[in-house]
Amino acid sequence: MDLRGPSLYFLLIFLLGIAVRFSPSGASISSKDVNPPYPKAISDLKESIVKGLGFQDEDFKISGFDLRDALVGRSVSYEFDVEIDNKVIPLKLLEDVNRWEFVDLPIFRVERGEENGLVERRRLENQVPVLAPFTLAGPMELWIQDAKDMRISLPHDVDAGELRKVILADGAVVTVKGARSVSLRHPIELPLPFNRTTNGFASGLLALAEYLRQASLTEGGPLLSLRIVGPTSLTSPTSQSSPSANKLKIKRLAPGLVELSSVSKMKAISTIDLQGETTAILTPHQYTTLWPVTSVNGSNSNLLGFEALLTNVLGPKASQKGSFKLLKADVSAQTFVKIGFGVEKKLKEGDGFNWEGYPEWRTKPESVRMHFEVLAKVDGDKVVPERVVQVDPITIEDTVAPSVLMGNVSMSKTPIIYPPPNPFTL
């Protein structure tokens, strides 16, 4: 018997299998995952949401979290801790995101091959959100963090080295650009009553700010201290009427410590224009802006909203003599992510679903599907959920046969209705 033919055939099959098994294309096909794993940041986000919703593992199933549908936006977060009668009340405010974009964040990426998407996503590598430029007026002290290449202009550039602390003397005004966050370093005590007016001007907050400024001017009084993270420059703001009015002089007190003071002996500061965006007017007797952030006018909408919120928090204490403490004040630029997902939950007795009005001819579902949307904050390599809200999905209209609407009556028994004649009908 001649076995060369079959043996050669099986040998070719064997060699072909080995070639496919160890070829690069075969390796790529075998290693390709149809459902690639989520990045660690998104996996941790899902776990925190599950714990927050309080669902049991066997009762629900989560779907969605498609990173291709994730929207990224920038906003400003305000966090305050107010102590009233030894009770700490945390306040957290968030400005509305004006623009949502499809952005490719580094934390969204998984080690896998290139993907083709219908929507082109913009790469966002090292673009850290920053606050809009703001102006600070002394007397106060600034502690600088994460700003090795910060530029100082008085109004000309000055080589002051790597600064850790900057003291602003009375009358000195600087514009801060590129800061990621500003926070209060030490708690401050503020007097009561809190007199709020309704003339569209935050006079109550301006009165508290003026109290702090006067306390800082007294000998031995507490000096307001702020921590600024990541500023790119401290510049002397320009004045339209007198360019030399806001010049500053620098005094080196120690390595990394300088003092900035005003060259002019005038107590009044003319109009300050930050690239045509804000206007601050200071006079010797009255501050129409919020000290020390003199780029915020007293009629600012955010300032008016916070004054109304503080009045509600203080309650009856607002009209009584006393004091309260501001333990924490933090303003920071944040990156937020908005992702939608669905939850399918099995229905059980006692879940509280009301079947009243549900059609008898329809089969009652064994599970219910809910749609949610999570708003999360990007904090380094983590995504921290801020708010999870239930959203209404797209409603689907039911189509019902006419016989069902007529109570399953035969069409032959349906009465015939003749509409009145129309003279314009041919």
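- In this structure, V72 and F102 have side chains that are not in contact, with every pair of non-hydrogen atoms separated by 4.5 Å or more.
- Partner of L136 under the side-chain contact (heavy atoms from CB on, under 4.5 Å) criterion, out of T175, L234, I228, V173: I228 alone.
- Contacts of L223 classified as side chain to side chain contact (heavy atoms under 4.5 Å, CB included), with partners at least two apart in sequence or in another chain: P139, E141, S216.
- Exactly one residue among V174, I152, L248 makes a side-chain contact (heavy atoms from CB on, under 4.5 Å) with S236. That residue is L248.
- Pairs of residues two or more places apart, or lying in two chains, never qualify as salt bridge (Lys or Arg N to Asp or Glu O under 4.0 Å) while including a residue from residues 293-305.
- Across D157 and R151, no two heavy atoms sit closer than the pair OD1-NH1, 2.8 Å.
- With a 4.5 Å cut-off on side-chain heavy atoms, L206 and T289 do not count as touching.
- Using modelled atom types, one finds no donor on one side chain facing an acceptor on the other under 3.5 Å when comparing S75 with Q334.
- Taking all atoms of both residues into account, the shortest heavy-atom contact from E95 to Y78 is OE2-OH, 2.6 Å.
- Annotation: the span from S203 atom OG to E210 atom CD amounts to 13.0 Å, rounded to 0.5 Å.
- Counting heavy atoms from C-beta on, the side chains of T311 and F194 come closer than 4.5 Å.
- Heavy atoms only, all atoms of each residue included: A70 and V337 are closest at CB-CG1, 4.2 Å.
- Residues L142 and M140 meet the side-chain proximity criterion, which asks for heavy atoms closer than 4.5 Å.
- Looking at L314 and L310, their side chains come closer than 4.5 Å, going by heavy atoms from C-beta outward.
- The two residues V384 and D379 make their nearest non-hydrogen contact at CG2-CB, 4.3 Å.
- A pairwise comparison of heavy atoms in P231 and A147 identifies O-CB, 3.3 Å as the closest pair.
- In this structure, the separation between CZ on F341 and CG on D69 is 14.0 Å, given to the nearest 0.5 Å.
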* Start with the C-alpha distance between F324 and V82, add both sets of side-chain angles, then the distance that settles side-chain contact (heavy atoms from CB on, under 4.5 Å), and finish with yes or no. => CA-CA 7 Å; F324 70 98; V82 180; 3.7 Å; yes
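- For the pair D149/T232, no side-chain contact is recorded, criterion being any heavy-atom separation below 4.5 Å from C-beta on.
- Of the possible polar contacts, none joining the W100 side chain to the K338 backbone as a donor-acceptor pair under 3.5 Å is found.
- Ionic pairing of K92 and E79 is present here: one or more N-O contacts between side-chain nitrogen and carboxylate oxygen are shorter than 4.0 angstrom.
- Summarising the geometry, atom OG belonging to S319 is positioned 9.0 Å from atom CG belonging to L192; distances are rounded to the nearest 0.5 Å.
- Using a distance-only test at 3.5 Å, with no hydrogens or angles considered, a donor-acceptor pair links the side chain of N297 to the main chain of S299.
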* What's the verdict on salt bridge (charged side-chain N to carboxylate O under 4.0 Å, His left out) for K317 and D85, showing C-alpha distance, side-chain angles and the deciding distance? -> CA-CA 9 Å; K317 295 281 294 183; D85 293 337; 3.3 Å; yes
* Is there a side-chain contact (heavy atoms from CB on, under 4.5 Å) between V128 and R180 once you walk through the steps? -> CA-CA 8 Å; V128 180; R180 297 196 297 270; 3.0 Å; yes
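- For W143 (side chain) and S225 (main-chain N/O), no donor-acceptor pair under 3.5 Å exists by modelled atom type.
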* To do: Apply ring-ring contact (aromatic ring centres under 6.0 Å, His included) to the pair F80 and F306, showing each step before the final yes or no.
  => CA-CA 11 Å; F80 303 94; F306 181 71; 4.6 Å; yes
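- Atoms CD and CD, on E83 and E189 in that order, are 9.0 Å from each other to the nearest 0.5 Å.
- Not counting sequence neighbours, A207 has no partner by the side chain to side chain contact (heavy atoms under 4.5 Å, CB included) test.
- Exactly one residue among L71, L94, V97, I339 makes a side-chain contact (heavy atoms from CB on, under 4.5 Å) with L375. That residue is L94.
- Without hydrogens or angle criteria, T294 side chain to W291 main chain gives no donor-acceptor distance under 3.5 Å.
- Here the side chains of P191 and L208 are in contact, with some heavy-atom distance below 4.5 Å.
- Residues S262 and G171 approach most closely at CB-O, 3.6 Å, considering heavy atoms.
- For S295 (side chain) and T135 (main-chain N/O), a donor-acceptor pair under 3.5 Å exists by modelled atom type.
- Within 6.0 Å of atom CZ in R387, 12 or fewer heavy atoms from other residues, nucleotides or ligands are found, so the atom counts as exposed in its surroundings.
- With a 6.0 Å radius and a threshold of 12 heavy atoms from other residues, nucleotides or ligands, K325 has its NZ atom at or below the threshold.
- With contacts defined as side-chain heavy-atom distances shorter than 4.5 Å, the pair S77/V331 does not qualify.
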* Might you work through the side-chain contact (heavy atoms from CB on, under 4.5 Å) test for V258 and I167, ending with a clear yes or no? => CA-CA 6 Å; V258 298; I167 297 178; over 6 Å; no
* Could you walk me through whether E259 and I250 pass the side-chain contact (heavy atoms from CB on, under 4.5 Å) test, one step at a time? => CA-CA 6 Å; E259 181 184 19; I250 185 171; over 6 Å; no
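- Judged by distance alone, the side chains of R74 and T335 do bring a donor and an acceptor atom under 3.5 Å apart.
- At distances below 3.5 Å, at least one donor-acceptor pair connects side-chain atoms of E307 with backbone N or O atoms of G204.
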